[in-house]
Amino acid sequence: MSVGTSSTPDAPDARRLPAPRAAGDTTPAGIGPDDLPDGLVIADEQGRVVCFNAAAARITAVPAEAALGRTLEAVLPLEDLEGRRWWQLTDPYGGLAIRTGQPERNLLLPGGREVLVSARYVRDRPTGPVRRVVVCLRDTEARRRTERSHAELIATVAHELRSPLTSVKGFTATLLAKWERFTDDQKRLMLETVDADADRVTRLIAELLDISRIDSGRLEVRRQLVDIAAAVGRHVQAYVAAGQPADRFLVRTEHPLPELWADPDKIDQVLSNLIENAVRHGEGTVTIDVTPAASPREGESAGTSVTVSDEGPGIPEESMNRVFTRFWRGSKRGGTGLGLYIVKGIVEAHGGTITVGRAPGGGARFRFTLPVGTPAHLL
């Protein structure tokens, strides 16, 4: 059964629509269909469109004035992914009287543009005739971006896991099969390699958990009093102990620093990532400045900034806006490309900000600023 048979819109139904928003009206009572983020199309009992909001016009590229008064099938000539006409398949006005609507599904507009469509059938009484069909339209681009991001994440994780797990499997299988043939030094070397690869897998899993918490807004911050200057010093000493020359690092701290309440483990994670990036991808002296700063959070006056800069080639100007996205890599020297994405999530979970720019020596400069974050019970 085709949708709509009458030549004139049903006036009583049209009068029941929300009143149009008056110019300059900002009160809740003035909110109308055009304020909705999703496309809204409403048809009367005869299948003719009586409401077509601004989002629907944007998604379908059909002006509202060209849609009002026409049939749903004419305004929204939707097809499923197999090329079948959707309104003929669902038949909202002549189908089963117990139906209340259609769940959200992917459908195609003319030209092959994909949209997400759901519908609700409004009846005066159960099993009565349909008085209105309310259709919701959503653009699929945001969902496609999310799906692509998830697919990229899965592909990256699979690639990053394959190498260490292959190594672990190879060495353990070799040791089990030929244990007696190897010297103690050879066994120790193999086990050290297995241990390092197991650590690599553990770090990757931790990164994935962090991303999951950041994306879902569930990253917990357990605030304690943090001596951030001492934390910077510990990281630098660790690199020196690992073989980096002490004169490669320049740490400058401006006192007095305000008391900083933050999650010490997560701040260590931020410092570790930024300093490691400067050591691995940068050149020359790695300079770390710890200074008091204005709080990035409204209502607080004090904050603390940490700036990590190097003297390497820096980050190309065209890449600056992608540094904190997933999978961005500044060079071909390994890494998952997830570290800076996680760093940004941690800083923002503390109410802070992080920026990237060019250092005076030409290298990369990362600067994050944290509010003091004093717990409420101490105020």
Trainee: Once you round to the nearest 0.5 Å, how far does CG of L260 lie from OG1 of T304?
Mentor: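 L260 CG to T304 OG1: 5.0 Å, rounded to 0.5 Å.
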Trainee: With a 4.5 Å heavy-atom cut-off, do V122 and I42 have their side chains touching?
Mentor: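 The answer is no, as the side chains (C-beta and beyond) never meet within the 4.5 Å cut-off.
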Trainee: More than 12 non-hydrogen atoms from neighbouring residues, nucleotides or ligands closer than 6.0 Å to NZ on K169, yes or no?
Mentor: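 Atom NZ in K169 is not packed in, count stays at 12 or less.
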Trainee: Do V251 and I267 sit in the same hydrophobic cluster, where Ile, Leu, Val, Met, Phe, Trp and Tyr count as joined when their side-chain heavy atoms come under 4.5 Å apart?
Mentor: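 In one cluster: yes.
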Trainee: Are there more than 12 heavy atoms of other residues, nucleotides or ligands under 6.0 Å from atom CZ of R85?
Mentor: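 No, not enclosed.
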Trainee: In terms of heavy-atom contacts, does CZ of R200 have more than 12 from other residues, nucleotides or ligands at under 6.0 Å?
Mentor: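 Atom CZ in R200 is packed in, count exceeds 12.
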Trainee: Taking R248 for the side chain and G284 for the main chain, is one N or O donor matched with an acceptor at less than 3.5 Å?
Mentor: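 The answer is yes, because a donor-acceptor pair under 3.5 Å joins these two groups.
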Trainee: Is E220 close to R213 at the side-chain level, that is, under 4.5 Å between some pair of heavy atoms?
Mentor: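 No; the side chains remain at least 4.5 Å from each other.
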Trainee: Do L204 and V168 belong together in a cluster built from hydrophobic side chains that touch within less than 4.5 Å?
Mentor: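 No, no single cluster joins them.
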Trainee: Please find the pair of heavy atoms, one from P63 and one from A61, that lie closest to each other, and give the distance.
Mentor: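 Here P63 and A61 meet closest at CD-O, 4.0 Å.
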Trainee: Please report the closest heavy-atom contact between L137 and T60, naming both atoms and the distance.
Mentor: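 Smallest interatomic distance, heavy atoms only, reads CD1-CG2, 3.8 Å.
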Trainee: Can you tell if the side chain of K187 reaches within under 4.5 Å of the side chain of W179, non-hydrogen atoms only?
Mentor: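 Yes; the side chains approach each other to less than 4.5 Å.
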Trainee: Atom CD of Q186 and atom OG1 of T174: how far apart are they, to the nearest 0.5 Å?
Mentor: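 If we round to the nearest 0.5 Å, Q186:CD and T174:OG1 are 11.5 Å apart.
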Trainee: Evaluate whether atom CD of E318 has more than 12 neighbouring non-hydrogen atoms of other residues, nucleotides or ligands under 6.0 angstrom away.
Mentor: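 Correct, the count exceeds 12.
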Trainee: Where the side chain of R123 meets the backbone of T100, is there a donor-acceptor pair that is under 3.5 Å apart?
Mentor: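 Answer holds: no.
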Trainee: Got L340 and L274 here, is their nearest side-chain heavy-atom distance under 4.5 Å?
Mentor: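 Sidechains of L274 and L340: in contact.
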Trainee: Would the distance check show the side chain of R138 and the main-chain N or O of L116 forming a donor-acceptor pair, the cut-off being under 3.5 Å?
Mentor: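 Not a single qualifying donor-acceptor pair exists.
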Trainee: Are I288 and L250 connected, step by step, through hydrophobic side chains (Ile, Leu, Val, Met, Phe, Trp, Tyr) whose heavy atoms are closer than 4.5 Å?
Mentor: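 Shared cluster, no.
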Trainee: For K266, does the NZ atom have more than 12 heavy-atom neighbours from other residues, nucleotides or ligands under 6.0 Å away?
Mentor: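 It does: K266 NZ has more than 12 such atoms within range.
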Trainee: Between R113 and I59, is there a donor-acceptor pair closer than 3.5 Å when you use the side chain of the first and the backbone of the second?
Mentor: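 Yes; judged by distance alone, with no hydrogens or angles, the pair exists.
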Trainee: Verify side chain to side chain contact (heavy atoms under 4.5 Å, CB included) between W86 and V117, making sure each step is shown before the conclusion.
Mentor: CA-CA 10 Å; W86 192 59; V117 181; 3.9 Å; yes
Trainee: Is the closest side-chain heavy-atom distance between R218 and S212 below 4.5 Å?
Mentor: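 Touching, per the 4.5 Å side-chain cut-off.
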Trainee: Are L89 and L108 connected in the hydrophobic side-chain network, where two residues link if heavy atoms are under 4.5 Å apart?
Mentor: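 Hydrophobic grouping puts L89 apart from L108.
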Trainee: Please name all residues satisfying side chain to side chain donor-acceptor pair (under 3.5 Å) with S167, sequence neighbours left out, ordered by chain then number.
Mentor: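 For S167 the side chain to side chain donor-acceptor pair (under 3.5 Å) partners, ignoring immediate neighbours, are D197.
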Trainee: Roughly how far, to the nearest 0.5 Å, is CG of L370 from OG of S295?
Mentor: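 The OG atom of S295 sits 9.0 Å away from the CG atom of L370.
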Trainee: Just verifying a value: how many Å separate L161 CG and I205 CD1, rounded to the nearest 0.5 Å?
Mentor: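 The CD1 atom of I205 is 6.5 Å from CG of L161, to the nearest 0.5 Å.
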Trainee: So how far is it from D184 CG to L189 CG, rounded to the nearest 0.5 Å?
Mentor: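 Rounded to the nearest 0.5 Å, the CG-CG separation comes to 12.5 Å.
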Trainee: Can you tell me if CZ on R222 sees more than 12 non-hydrogen neighbours from other groups inside 6.0 Å?
Mentor: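 No.
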Trainee: Closer than 3.5 angstrom, by distance alone: can the side chain of D289 be matched with the main-chain N or O of T307 as a donor-acceptor pair?
Mentor: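 Checking the backbone N and O of T307 against the side chain of D289, no donor-acceptor pair under 3.5 Å is found.
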Trainee: Run the side chain to side chain contact (heavy atoms under 4.5 Å, CB included) test on D199 and R203 for me, step by step, so that the C-alpha distance in whole Å, both residues' side-chain angles and the decisive distance to 0.1 Å come before the verdict.
Mentor: CA-CA 6 Å; D199 286 341; R203 285 195 301 271; 3.8 Å; yes
Trainee: Evaluate whether atom CD1 of I98 has more than 12 neighbouring non-hydrogen atoms of other residues, nucleotides or ligands under 6.0 angstrom away.
Mentor: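 No, the 6.0 Å shell around CD1 holds no more than 12 heavy atoms from other groups.
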Trainee: How close do L257 and A229 get, counting heavy atoms only, and between which atoms?
Mentor: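 Between these two residues, the closest heavy atoms are CD1-CB, 4.3 Å.
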Trainee: Taking side-chain hydrogen bond (donor to acceptor under 3.5 Å, both in side chains) as the cut-off, I'd like each qualifying pair that reaches into residues 227-238, sequence neighbours left out, listed once.
Mentor: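 Every pair satisfying side-chain hydrogen bond (donor to acceptor under 3.5 Å, both in side chains) with a residue in residues 227-238: H235-D268.
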Trainee: Would you say V135 and F52 make side-chain contact, with heavy atoms under 4.5 Å?
Mentor: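 Result no, sub-4.5 Å side-chain heavy-atom pair not found.
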Trainee: What heavy-atom pair brings Y121 and T90 nearest, and what distance separates the two atoms?
Mentor: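 Taking every non-hydrogen atom into account, OH-CB, 4.0 Å.
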Trainee: Side chains of V308 and V232, heavy atoms from C-beta outward: is any pair under 4.5 Å?
Mentor: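 No, their side chains stay 4.5 Å or more apart.
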Trainee: Can you tell if the side chain of I342 reaches within under 4.5 Å of the side chain of N273, non-hydrogen atoms only?
Mentor: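 Not in contact.
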Trainee: Decide yes or no on side chain to side chain contact (heavy atoms under 4.5 Å, CB included) for E259 and V372, but give the supporting numbers first.
Mentor: CA-CA 6 Å; E259 288 189 340; V372 292; over 6 Å; no
Trainee: Which atoms form the tightest heavy-atom contact between V62 and A67, and what is the distance?
Mentor: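 Looking at all heavy atoms of both residues, the closest pair is CG1-CB, 4.2 Å.
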Trainee: Check for a donor-acceptor pair, side chain of D210 on one end and backbone N or O of L219 on the other, with a separation under 3.5 Å.
Mentor: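 Checking the backbone N and O of L219 against the side chain of D210, no donor-acceptor pair under 3.5 Å is found.
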Trainee: Within the side chain of H350, is there an N or O that forms a donor-acceptor pair under 3.5 Å with the backbone of D263?
Mentor: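 Answer holds: yes.
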Trainee: Keeping R70 on the side-chain end and V75 on the backbone end, is there a donor-acceptor pair under 3.5 Å?
Mentor: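 Between the backbone of V75 and the side chain of R70 there is no qualifying donor-acceptor contact (under 3.5 Å).
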Trainee: In terms of relative ring orientation, are F366 and F324 parallel, tilted or perpendicular, with 30° and 60° separating the classes?
Mentor: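 It falls in the perpendicular class, over 60°.
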Trainee: Rounded to the nearest 0.5 Å, what separation is found between the CZ atom of F171 and the CD atom of E192?
Mentor: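 Atom-to-atom, F171:CZ and E192:CD are 11.0 Å apart.
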Trainee: State yes or no: do L109 and L107 share one hydrophobic cluster built from I, L, V, M, F, W and Y residues joined by side-chain heavy-atom distances below 4.5 Å, directly or via other members?
Mentor: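 As far as the 4.5 Å side-chain criterion goes, L107 and L109 are connected within one cluster.
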Trainee: E82: which residues meet the side chain to side chain contact (heavy atoms under 4.5 Å, CB included) condition with it, sequence neighbours left out?
Mentor: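 Applying side chain to side chain contact (heavy atoms under 4.5 Å, CB included) to E82 gives D80, R84.
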Trainee: Does any N or O in the side chain of E311 come within less than 3.5 Å of the main-chain N or O of T285, such that one atom is a donor and the other an acceptor?
Mentor: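 Side chain of E311 to backbone of T285: a pair is present.
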Trainee: So, for V41 and A56, which heavy atoms are closest and what is the spacing to 0.1 Å?
Mentor: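 Closest approach of V41 to A56: CG2-CB, 3.9 Å.
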Trainee: Is a side-chain N or O of T353 found less than 3.5 angstrom from the main chain of P296, in a donor-acceptor match?
Mentor: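 No, T353 side chain to P296 backbone: no donor-acceptor pair under 3.5 Å.
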Trainee: Answer yes or no: is there an ion pair linking R188 with D185, defined by an N-O contact shorter than 4.0 Å?
Mentor: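 Not counted as a salt bridge, because no side-chain N and carboxylate O are separated by less than 4.0 Å.
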